[in-house]
Protein chains: 2
Amino acid sequence: MKKSKILVVDDEQRMRKIINDFLTKSDYNVIEACDGEDALDKFFKNKDIDLIILDIMMPKLDGWGVCKEIRKESKVPIIMLTARSDEADELQGFKLGVDEYISKPFSPKILVARVEAILRRCKGISSDDVIECDGIVMNRLTHIVTIDGKEVDFSYKEFELLAYFLQNQGIALPRENILNNVWNYDYYGEDRTIDTHVKKIRAKLGNKGKYIKTIWGIGYKFETLD
Amino acid sequence: MKKSKILVVDDEQRMRKIINDFLTKSDYNVIEACDGEDALDKFFKNKDIDLIILDIMMPKLDGWGVCKEIRKESKVPIIMLTARSDEADELQGFKLGVDEYISKPFSPKILVARVEAILRRCKGISSDDVIECDGIVMNRLTHIVTIDGKEVDFSYKEFELLAYFLQNQGIALPRENILNNVWNYDYYGEDRTIDTHVKKIRAKLGNKGKYIKTIWGIGYKFETLD
DNA sequence: TGATTATTTCACATTTTCTTCACGATATTC
DNA sequence: GAATATCGTGAAGAAAATGTGAAATAATCA
């Protein structure tokens, strides 16, 4: 699952570092900008930014200005940082499309929680989190697998292996390739262990088990066609 | 705490009444719409609707159409009602931003449970000071937890951990995720300490302790269903 | 400070999952 | 069609993860 990319804009270097640290620890990809112009520059150069955390008070171009510019071209969620709660002209903010306010000082826990909530809300259940194929639905968030609407238990390895198959449909996957991608890099066991897992997955898939095809001398391939 | 407003859209009057009754009984504010166009009309006239329950099969404009229109302007959570489980094209649904499916016939308890879960999830850590789920009531202000009306002592960590579970119902939470969100950022201890807390919380929850499910190889998940 | 409580760590029991192995079945090669 | 290599399968035990109770450490409060 791809990490979400977050642009953090604040003129105080210390504040940027604090936010960066917490978001990085929560497994986000962080880009920093030190003022409004820098922010616009970085935002439009990195077309895949998922969320912006924006300080209001900044030299050159303030948070409102940045927000207005970005909203001309993008619906990316924006969190505004305000020094005092009364600084936030919330009405103006919501008209500009601000998604959330957080007032300084804030607890890192709340910041990360809001970020997560917004990303989840915006993506719905992001397409990265749900893999679907012919009635097999795998949800990474809930870790639930349903087959034709019926919930089926999958162990951790089984889940990961099936997900790998579904993400590489139609591609013949050599055993070594599978080991490298589904198992830890420091795994040095037999590759026949894959076969055992395949057997279990096939059984759990029922009549869809035949989608996992054996490629003789190579490995396996997931394909719904015949 | 303000009542949440829910828009119920179904062309069958009988079905609307059933849902309305249960939600009203659970202290929600319900608005009904009898078809897709009516739904859009009511939604945009009542700007403060918190959740939509939407039947797929409807005359004029079906559930998908309503969903698509609403998503152009709003991120309000949407629950889809499907006549049969296979009617739900879940992938299409998730792309359109459907938050949940419930297939008819459904039990009222499940409907209400899903509604509660979604509303809570969407609000993330909102300003709400009271978290509630199936008789478990947590009050952030007073730091009091009651289970089926009976007060139970929770230590600080236990409180925070349980709150985190309740705010992320249905989501498989890896231990690392839990540590990052419930413990301080500078905590570098064992993740097994989570297990000890889970044990204590489960004990205090009594027969509701089973809601905290173990996801082998990953972590825990709070879920009232099953 | 000393006592009390909360949190973390540890050791061991328990449970679940993963891996290996042996043997039969099946495909490929010559 | 026989020889050979590869795969399917079920069982066993090895390994890993979790449950549990108690002890050690840390934090809090009178």
Side-chain angles (χ1 to χ4, degrees), chain A residues 109 143-145 152-165 172-223, chain B residues 143-145 151-165 172-223:
Chain A
K109 224 166 69 187
H143 208 267
I144 286 174
V145 180
V152 179
D153 272 343
F154 274 74
S155 78
Y156 176 75
K157 274 270 147 63
E158 289 162 6
F159 190 100
E160 293 301 324
L161 182 53
L162 179 56
Y164 189 62
F165 278 136
L173 302 167
R175 283 189 176 68
E176 196 187 325
N177 179 327
I178 295 173
L179 277 189
N180 286 335
N181 285 282
V182 179
W183 270 255
N184 291 330
Y185 57 88
D186 59 354
Y187 179 81
Y188 289 113
E190 302 276 327
D191 57 7
R192 292 298 311 279
T193 191
I194 296 171
D195 302 29
T196 303
H197 284 277
V198 166
K199 186 194 66 170
K200 288 194 157 186
I201 294 175
R202 278 175 172 157
K204 293 186 179 182
L205 290 181
N207 58 356
K208 296 182 205 296
K210 62 180 185 292
Y211 294 163
I212 301 178
K213 275 141 188 149
T214 304
I215 311 295
W216 242 80
I218 308 236
Y220 297 95
K221 169 165 83 166
F222 189 97
E223 198 167 42
Chain B
H143 209 270
I144 287 175
V145 180
E151 196 173 325
V152 179
D153 272 344
F154 274 75
S155 76
Y156 173 77
K157 274 273 144 61
E158 289 163 5
F159 189 98
E160 291 301 323
L161 181 53
L162 180 56
Y164 189 61
F165 278 136
L173 301 167
R175 283 190 174 65
E176 197 186 323
N177 179 326
I178 296 174
L179 276 189
N180 285 334
N181 285 283
V182 178
W183 268 256
N184 293 328
Y185 56 88
D186 59 356
Y187 180 81
Y188 288 113
E190 303 275 328
D191 57 7
R192 292 300 311 278
T193 192
I194 296 171
D195 302 28
T196 303
H197 284 276
V198 165
K199 189 192 69 169
K200 289 193 157 188
I201 293 175
R202 278 176 171 157
K204 293 187 180 182
L205 289 181
N207 59 354
K208 296 181 205 298
K210 62 180 185 295
Y211 293 164
I212 301 179
K213 275 148 189 148
T214 304
I215 312 293
W216 261 79
I218 298 193
Y220 297 95
K221 170 163 81 165
F222 190 97
E223 196 167 43

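Lettering of chains follows the sequences in order, A, B, ..., and the numbering in each one begins at 1.
Counting non-hydrogen atoms under 4.0 angstrom, A:L161 reaches nothing in the nucleic acid. Backbone-only contact: A:Y220 has heavy atoms under 4.0 Å from sugar-phosphate atoms and none from a base. Residue contacts shown for B:K199 include a base, since a base heavy atom lies under 4.0 Å away. Here A:I218 lies in heavy-atom contact (under 4.0 Å) with sugar-phosphate atoms only.
Listed here is the closest heavy atom pair of A:Y220 and A:I178: CD1-CD1, 4.5 Å.
The side chain of B:T196 lies closest to D:dA22, out of D:dG8, C:dT19, D:dA22. The side chain of B:D195 sits closest to D:dT18 out of C:dT20, D:dT18, C:dA27. Side-chain proximity of A:T214 to C:dT19, D:dC7, C:dT8: nearest is D:dC7. Looking at the side chain of A:W216, the nearest of the listed nucleotides D:dT6, C:dT16, C:dT8 is D:dT6.
Between B:R202 and D:dT20 there is no side-chain N or O to OP1 or OP2 distance below 4.0 Å. Regarding contacts with the backbone of C:dT19, a side-chain N or O of A:Y187 is found under 4.0 angstrom from either OP1 or OP2. One finds a side-chain N or O of B:W183 lying less than 4.0 angstrom from the OP1 or OP2 phosphate oxygen of C:dT8. Residue A:R192 places none of its side-chain N or O atoms closer than 4.0 Å to OP1 or OP2 of D:dT9.
Atoms CZ (B:F159) and P (C:dT7) sit 13 Å apart, rounded to a whole Å. In this structure, B:K157 places its NZ atom 14 Å from C1' of C:dT5, rounding to the nearest Å. Residue B:I194 contributes atom CD1, which lies 11 Å from atom P of C:dT9 at whole-angstrom precision. The CG atom of A:D191 sits 12 Å away from the P atom of D:dG8 (whole-angstrom rounding). Nucleotide C:dA6 holds its P atom 15 Å from the CD atom of B:E160, rounded to whole Å. Across the protein-nucleic acid pair, A:K200 atom NZ and C:dC18 atom P stand 7 Å apart, rounded to whole Å. Atom pair B:I212:CD1 and D:dG19:P shows a separation of 10 Å (rounding to whole Å applied).
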Run the salt bridge (charged side-chain N to carboxylate O under 4.0 Å, His left out) test on A:E223 and A:K221 for me, step by step, so that the C-alpha distance in whole Å, both residues' side-chain angles and the decisive distance to 0.1 Å come before the verdict.
CA-CA 6 Å; A:E223 198 167 42; A:K221 169 165 83 166; 3.4 Å; yes
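Looking at heavy atoms from C-beta onward, B:I215 lies out of side-chain contact with A:Y156 at the 4.5 angstrom threshold.
Both A:T193 and B:H197 lie near DNA chain C, and the one whose nearest nucleotide falls closer to the 5' end is B:H197.
To the nearest 0.5 Å, the span separating CG on B:L173 from CG on B:L179 amounts to 11.5 Å.
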